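Here is the structure we will look at.
When a ligand or atom number is given, it counts from 1 through the structure's own listing order. Keep in mind that this is a model prediction, so the values were computed, not measured.
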Amino acid sequence: MSDTILEIEDLNVYYGKSHALKGVSLSIKEGEIYGVIGPNGAGKTTMLNAVAGFLDYGGTIRYDGTDLAGVNPTQIVRDGLIYCTEDRDLFPYFSVHENLLMGAQFRDDRDTVKEDLRMIYDLFPRLDERREQEAESMSGGEQQMLAVGRALMSDPDLLMLDEPTLGLAPVIIQDIGEALEKLQQETGLTILLAEQNSTFALNHAERLSLIETGEIELSGTHDEFTDNEYVREAYVGVH
Ligand code: ATP
């Protein structure tokens with residue numbers, strides 16, 4: 001059985017009096033693609049923000065065996081837990097190449113940084129063609145590829161992606177899905193994918209959780225999800 005890389009136990013987050021996450025628990029195994037699906041406002045981003053160290057929370061988050069309570073976000077990144085937010089957070093006036101290099105700012109293994117750049121340009125040839133283009137002038141899909149590429153330049157062990165398909169054309173969504181699977185298969189990267197696009201998550205994740213109004217309603221394998229009547233009626237074919 002694979003080792004657990006991320007374990008979330010009884011996670012509770014409040015925004016003022018609003019109880020946004022209500023006792024969320026899930027665990028992610030090393031090397032898997034894990035999907036968290038659920039509608040707008042369900043709490044997916046809140047969960048990722050808590051894991052990344054951006055929010056106060058109740059409960060326990062353990063990454064690679066270490067309790068993350070009180071660990072600052074920079075240290076979490078240095079430890080290989082990389083978060084690609086929904087906003088992508090690119091440096092708009094920097095080129096594609098410069099944005100990728102910014103992803104490697106905490107690394108001191110210069111030789112492997114070069115190899116990783118090559119790997120990312122192979123994975124996303126569109127970025128290779130546009131190395132000198134400013135990030136701001138890239139299309140939405142290209143910016144998403146760049147955000148994933150920059151996250152990869154941080155040499156993640158666990159990559160958290162928030163809504164990587166949001167607003168993208170189907171052909172680009174397919175490219176991104178294929179790239180994620182290739183990364184998982186060839187590098188053993190673990191991916192936590194939060195998605196409103198349940199079809200995309202179901203297409204690529206081996207195990208999933210469904211979150212609604214701050215609570216996990218169901219966790220299981222891909223097949224358990226696609227066989228579940230409620231999931232099928234409410235979430236499959238929505239996108
Ligand atoms: P989406 O897919 O639309 O991004 P989500 O599942 O990621 O949704 P969250 O963004 O985590 O959901 O939001 C969960 C709940 O917490 C929502 O009701 C949202 O309005 C609320 N919320 C999120 N951030 C804040 C904040 N900074 N202050 C107050 N309430 C917030």
Residue shell for ligand 1, any heavy atom closer than 4.0 Å, reads Tyr15, Ala20, Pro39, Asn40, Gly41, Ala42, Gly43, Lys44, Thr45, Thr46, Glu86, Glu163, Gln196
Those residues at least two apart in sequence (or on a different chain) that pass ring-ring contact (aromatic ring centres under 6.0 Å, His included) with Phe106 are none
So the ring-ring contact (aromatic ring centres under 6.0 Å, His included) pairs with at least one residue in residues 111-149 (sequence neighbours excluded) are His97-Tyr121
What I want to find out is whether Glu195 reaches Lys44 closely enough, with some N-O distance under 4.0 Å, to be called a salt bridge. no
* So does Arg131 pair up with Asp128, basic N to acidic O under 4.0 Å? -> yes
Applied to residues 92-108, the salt bridge (charged side-chain N to carboxylate O under 4.0 Å, His left out) test, sequence neighbours excluded, yields Arg107-Asp109, Arg107-Asp116
**Prompt:** Quick one: do the Gln75 and Asp79 side chains pair a donor with an acceptor below 3.5 Å?
**Reply:** yes
